[in-house]
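Nothing fancy with the numbering, it's 1 onward along the sequence.
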Amino acid sequence: EVPQLFSKLVIAVRKMNLGDIKDLYRRLNDRQICSMNNERTTKFLVDALPMAGSDASVAVMVDMMVNGDIVGSRFDFWLTVLAFLPDPSETMMTSVMNLMRFDTLRLRAMLTVSSMVHNHCKRPDHDCNDPKCVAQEIMQEIEKVIGNCYVTDGNTKTILTAVKSVGNSGMGRSV
């Protein structure tokens, strides 16, 4: 019975808009609903978000990652899930770009975000050469990380990850 209920939750979350998911999460956190079984209920919602794969669920996931609500292995799992979204929308990519704006998250997120760029841009109906495309904005953020490629002991891992991310994106010609 629990797997069927969880599947129904995933389907329901997939249909929810951003405000509704945020409100549900806030109400769970504030123990306004499911107060007797709050931790378990919240865990089910948190587990359903990556499975939903909607614009709204991705935006909430990114917000939770940025706010520090999701850390450790769950953070890494969510990055992996995002990297394998088969056709991320512009809205999803705009959401994950927020991960690139924080020094503390950028290194961990770069390869995921560049995978999403690759998956988005391989579709013939997406014009990723358009300067207004969010893929171009993401690549500009990665280019800022690479800078003039001046490598020191303190930035070696970051520079290497950024260069790998450019290759991962398939947009090396744009950088």
### Message
Strictly below 4.0 Å, N to O, side chains only: are D47 and R74 in salt-bridge contact?
### Response
yes
### Query
Are R26 and D23 close enough for a salt bridge, meaning some N to O gap below 4.0 Å?
yes
### Task
Show your working on salt bridge (Lys or Arg N to Asp or Glu O under 4.0 Å) between R106 and D103 and close with a plain yes or no.
CA-CA 5 Å; R106 183 180 299 121; D103 291 340; 2.6 Å; yes
### Message
Using the rule that Ile, Leu, Val, Met, Phe, Trp and Tyr join whenever any side-chain heavy atoms are under 4.5 Å apart, tell me whether L107 and M65 fall into a single cluster.
### Response
yes
#### Entry: Steps toward side chain to side chain contact (heavy atoms under 4.5 Å, CB included) verdict (C133, D127)
CA-CA 7 Å; C133 178; D127 182 11; over 6 Å; no
### Message
Apply side chain to side chain contact (heavy atoms under 4.5 Å, CB included) to residues D87 and H126 and explain how you reach the verdict.
### Response
CA-CA 10 Å; D87 186 20; H126 297 157; 3.2 Å; yes
### Separation of SG atoms, C121 and C128, below 2.5 Å
yes
### Task
Kindly check if the number of other-residue, nucleotide or ligand heavy atoms within 6.0 Å of CZ (F84) is above 12?
no
### Exercise: do N155 and T158 side chains pair donor with acceptor under 3.5 Å
no
### Message
Tell me if a side-chain donor or acceptor on N17 pairs with a main-chain N or O of G19 at a distance below 3.5 Å.
### Response
yes
### Query
In terms of heavy-atom contacts, does CE of M16 have more than 12 from other residues, nucleotides or ligands at under 6.0 Å?
yes
#### Entry: Min side-chain heavy-atom separation P50-M61 under 4.5 Å
yes
#### Entry: Heavy-atom side-chain proximity of K22 to V60 below 4.5 angstrom
yes
#### Entry: I11 with L24, same ILVMFWY side-chain cluster at under 4.5 Å
no
### Summary
CE of M100 to OG of S114, rounded to nearest 0.5 Å, is 8.0 Å
### Query
Could R123 and D125 be called an ion pair, given the rule that one side-chain N must be under 4.0 Å from one carboxylate O?
yes
### Candidate pair S115 and T112, rule side-chain hydrogen bond (donor to acceptor under 3.5 Å, both in side chains), full reasoning
CA-CA 5 Å; S115 290; T112 292; over 6 Å; no
### Message
Any side-chain to backbone donor/acceptor pair from N168 onto H118? Under 3.5 Å, distance only.
### Response
no
### Task
Give the cluster check for W78 versus V66: same hydrophobic cluster or not, with ILVMFWY residues linked at side-chain heavy-atom distances below 4.5 Å.
yes
### Message
Under 4.5 Å between side-chain heavy atoms, counting indirect links through other Ile/Leu/Val/Met/Phe/Trp/Tyr residues: same cluster for F77 and F6 or not?
### Response
yes
### Task
Tell me whether I142 is reachable from I159 by hopping between hydrophobic residues (I, L, V, M, F, W, Y) whose side-chain heavy atoms are closer than 4.5 Å.
yes
